[in-house]
> 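Before we start, here is the structure in question, set down as structure tokens.
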Number of protein chains: 4
Amino acid sequence: MDPHHFVQINTGSPEPIYRQLVEQVRRRVAAGQLMAGDEIPSVRELAQALAVHPMTISKAYSLLEMEGVLERRRGLSMVVAAQHQQAQPRASRIELLRPTLQKAADEARQLQLPAAEVIGLLTQLLDETNA
Amino acid sequence: MDPHHFVQINTGSPEPIYRQLVEQVRRRVAAGQLMAGDEIPSVRELAQALAVHPMTISKAYSLLEMEGVLERRRGLSMVVAAQHQQAQPRASRIELLRPTLQKAADEARQLQLPAAEVIGLLTQLLDETNA
Amino acid sequence: MDPHHFVQINTGSPEPIYRQLVEQVRRRVAAGQLMAGDEIPSVRELAQALAVHPMTISKAYSLLEMEGVLERRRGLSMVVAAQHQQAQPRASRIELLRPTLQKAADEARQLQLPAAEVIGLLTQLLDETNA
Amino acid sequence: MDPHHFVQINTGSPEPIYRQLVEQVRRRVAAGQLMAGDEIPSVRELAQALAVHPMTISKAYSLLEMEGVLERRRGLSMVVAAQHQQAQPRASRIELLRPTLQKAADEARQLQLPAAEVIGLLTQLLDETNA
DNA sequence: GTGGTCTAGACCACC
DNA sequence: GTGGTCTAGACCACT
């Protein structure tokens with residue numbers, strides 16, 4: 001796994017880096033892009049690739065290990081955990097998206113925007129994002 | 001304006017209180033629920049109603065003033081700014097929703113969820129939220 | 001003296017209104033535009049003309065009275081004080097300008113701007129302002 | 001950067017400390033004395049050096065960050081922002097001086113002082129200030 | 001009455 | 001170590 005393409009972080013975001021890492025890895029495992037047994041970049045490798053402090057990477061990996069998403073292997077490298085069913089069913093995957101969509105719905109209500117308008121914009125963004 | 005219904009805050013949220021205030025007021029002005037010239041609760045009034053420190057309210061009000069949403073009238077309470085045309089046109093209002101929807105679109109891509117599924121859940125949440 | 005042309009205030013300025021009043025009157029007396037014995041607008045008149053709280057006007061007038069620029073006359077109206085030599089000599093008048101020019105000089109040094117450039121801009125602004 | 005020479009404040013001035021900080025830093029960056037990427041003293045360091053409360057420093061830094069003059073690096077000290085090109089061209093730098101010079105011009109008009117006299121005093125003050 | 005500034009000091013999150 | 005947030009409470013300036 002090329003560390004430069006493993007995850008992308010945005011240092012300007014208000015979201016802490018370690019959390020960006022955790023959530024991206026969690027989603028990629030859920031989506032089946034990372035499969036059980038796959039090796040992930042070492043802390044040092046990824047820290048250098050992302051120009052981030054190694055402790056930040058280490059913190060993210062530890063959290064993912066506690067969650068059962070990653071496993072520490074003999075030696076040093078970590079791998080995607082076996083028992084963690086990779087590629088969760090869609091019904092389960094979409095639950096990971098619920099909090100963000102709920103936030104959008106709350107904001108839409110406060111802005112008194114009609115549902116059609118909100119859905120229109122999301123449709124457009126989904127198109128662009130996947131392009 | 002009754003200070004108890006002016007805004008609602010959630011002290012448990014990771015989002016700082018002052019930012020919750022800023023965003024709610026910004027949205028209420030954009031939606032036209034607060035009109036140009038409307039008086040807003042005084043710092044002390046709102047602080048007491050929400051049981052937070054006056055400085056927290058003051059910080060939020062100051063940021064809204066810098067944004068041009070509120071206007072200070074020295075010695076008097078603040079009002080919704082005049083030039084900030086009340087009830088922005090919808091084309092502009094929906095822009096306030098774009099960041100959250102973009103985040104949702106990004107997450108959906110990483111989860112490799114089909115657009116229809118994402119839109120389905122949002123539609124459902126919009127219904128429930130407005131109910 | 002028409003109250004609308006007596007002074008001009010800028011409610012948006014960070015400078016308090018009462019101080020704007022004090023300094024403008026002081027300068028107009030120093031310049032000889034207001035002469036000893038001239039009546040000035042009443043507190044109520046001016047407050048209405050400027051759309052400002054009467055106490056603000058009153059505070060300014062009181063300060064000018066303490067300075068000896070204005071005098072309270074029998075009845076209600078105030079007049080420019082007699083003993084205050086109206087139309088101070090230029091050598092004295094320019095001293096009223098010194099603090100502002102000193103501030104400009106300090107800022108110019110911090111910006112490392114050449115004197116010629118600073119003087120050029122001031123010359124231009126003096127032209128425009130008197131036009 | 002030695003915190004004792006980073007900025008000088010005047011606690012007696014009517015201008016709030018945090019604003020003195022903001023304006024001095026802004027001018028030093030504009031003048032190129034602080035270059036993009038330069039580290040600035042930490043909040044605690046500077047607070048101790050100037051004998052003011054850390055929150056006062058923090059407020060100034062936050063405002064400078066909002067202006068785009070400084071950049072936050074989480075967990076590390078702040079630096080002069082990259083996009084804020086160091087050493088702005090003079091044409092731009094002199095604009096920072098315009099408000100103060102405009103104020104001087106306004107006052108000069110009210111005092112009915114001839115331009116030559118005003119410019120004479122400014123020239124003298126510029127000389128003394130740079131000496 | 002209004003908001004603004006500052007201090008003292010706690011606690012948290014992040015790196 | 002870094003900055004951010006919040007509280008408690010004082011004092012000031014302005015209207």
Side-chain angles (χ1 to χ4, degrees), chain A residues 9 11 13-21 43 47 50-60 63, chain B residues 9 11 13-21 39-47 50-62 64-65 70-79, chain C residues 9 11 13-21 43 47 50-60 63, chain D residues 9 11 13-21 39-47 50-62 64-65 70-79:
Chain A
I9 61 159
T11 50
S13 156
E15 193 173 12
I17 295 169
Y18 85 92
R19 192 183 302 273
Q20 294 182 43
L21 291 172
V43 167
L50 300 179
V52 155
H53 197 286
M55 258 179 43
T56 305
I57 310 290
S58 181
K59 179 172 184 175
L63 286 170
Chain B
I9 60 163
T11 49
S13 157
E15 193 174 15
I17 295 170
Y18 82 90
R19 190 176 296 281
Q20 294 180 41
L21 292 173
E39 273 198 13
I40 62 170
S42 80
V43 168
R44 291 162 172 83
E45 241 184 336
L46 189 56
L50 299 179
V52 298
H53 194 275
M55 214 188 203
T56 305
I57 309 291
S58 180
K59 181 173 185 175
Y61 281 8
S62 293
L64 286 163
E65 192 208 357
L70 298 183
E71 252 173 18
R72 212 174 23 210
R73 300 176 307 165
R74 275 180 304 204
L76 304 170
S77 63
M78 299 178 81
V79 295
Chain C
I9 61 160
T11 50
S13 154
E15 194 173 11
I17 295 170
Y18 85 92
R19 193 183 300 274
Q20 294 181 42
L21 291 173
V43 167
L50 299 178
V52 155
H53 198 286
M55 257 178 47
T56 306
I57 310 289
S58 179
K59 179 172 185 176
L63 287 169
Chain D
I9 59 163
T11 49
S13 157
E15 193 174 14
I17 296 170
Y18 82 90
R19 190 177 296 280
Q20 295 180 42
L21 291 173
E39 272 197 14
I40 62 170
S42 81
V43 168
R44 291 164 173 81
E45 241 184 335
L46 188 56
L50 299 180
V52 297
H53 193 274
M55 215 190 201
T56 305
I57 309 291
S58 181
K59 181 173 185 176
Y61 281 8
S62 293
L64 286 163
E65 192 207 357
L70 297 184
E71 251 172 19
R72 212 173 25 209
R73 299 177 308 165
R74 275 181 303 204
L76 304 170
S77 63
M78 298 179 82
V79 295

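Throughout, protein chains are lettered first and strands after them, A, B, ... in sequence-line order, and every chain is numbered starting at 1.
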> Could you check how far CZ of D:R72 sits from C1' of F:dT5, rounded to whole Å?
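So the CZ-C1' distance, D:R72 to F:dT5, works out to 12 Å.
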> Just the rounded figure in Å: distance from P of F:dG1 to CD1 of D:I40.
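Result: 18 Å.
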> Round to a whole Å and report the spacing from OH of B:Y61 to P of E:dT5.
17 Å
> With respect to the phosphate group of E:dT2, does any side-chain polar atom (N or O) of B:S77 fall under 4.0 Å of OP1 or OP2?
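Checking E:dT2 against B:S77, no side-chain N or O comes under 4.0 Å of OP1 or OP2.
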> Calculate the interatomic distance between D:E65 atom CD and F:dG4 atom P; express it in whole Å.
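D:E65 atom CD is separated from F:dG4 atom P by 7 Å.
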> Quick check for you: to the nearest 0.5 Å, what is the distance between D:M78 atom CE and D:L64 atom CG?
8.0 Å
> Which value, rounded to the nearest 0.5 Å, describes the distance between B:R74 atom CZ and B:L76 atom CG?
10.5 Å
> Under a 4.5 Å cut-off applied to non-hydrogen side-chain atoms, are C:I57 and C:L50 in contact?
yes
> Are D:Y61 and D:S42 side-chain neighbours, meaning at least one heavy-atom pair lies under 4.5 Å?
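No - every pair of side-chain heavy atoms lies 4.5 Å or more apart.
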> Just jot down the salt bridge (Lys or Arg N to Asp or Glu O under 4.0 Å) partners of B:E15, sequence neighbours excluded, or say none.
none
> Indicate for each nucleotide in nucleotides 6-15 of chain E, in 5' to 3' sequence, whether protein heavy atoms under 4.0 Å reach the base (B), only the sugar-phosphate (S), or nothing (-).
BBBB----BS
> side-chain contact (heavy atoms from CB on, under 4.5 Å) with B:S58: which residues, sequence neighbours excluded?
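Only B:V43, B:S62 meet the side-chain contact (heavy atoms from CB on, under 4.5 Å) criterion with B:S58.
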> Which dot-bracket string fits DNA chain F when only Watson-Crick or G-U wobble pairs with both atom distances under 3.5 Å count, crossing pairs get [ ], and | stands for a partner on a different strand?
||||||||||||||.
> Using whole Å, report how far CG of B:L64 lies from P of E:dG3.
13 Å
> Quick one: B:I57 CD1 to E:dG4 P, roughly how many Å, whole number?
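It works out to 12 Å between those atoms.
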> To the nearest 0.5 Å, what is the distance between NZ on C:K59 and OH on C:Y18?
5.0 Å
> In whole Å, I'd like the distance from the CG atom of C:L21 to the C1' atom of F:dT15.
12 Å
> With a cut-off of less than 4.0 Å, is there a side-chain N or O of B:S58 near OP1 or OP2 of E:dG4?
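Yes, within the criterion.
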> With rounding to the nearest 0.5 Å, note down the distance linking CD in C:Q20 to CD1 in C:I17.
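With rounding to 0.5 Å, CD (C:Q20) is 6.5 Å from CD1 (C:I17).
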> For B:R73, enumerate each residue passing the salt bridge (Lys or Arg N to Asp or Glu O under 4.0 Å) test, keeping only those at least two apart in sequence or located in another chain.
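Partners of B:R73 by the salt bridge (Lys or Arg N to Asp or Glu O under 4.0 Å) criterion, ordered by chain and then number, come out as B:E39.
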> Calculate the interatomic distance between C:L63 atom CG and F:dT15 atom P; express it in whole Å.
12 Å
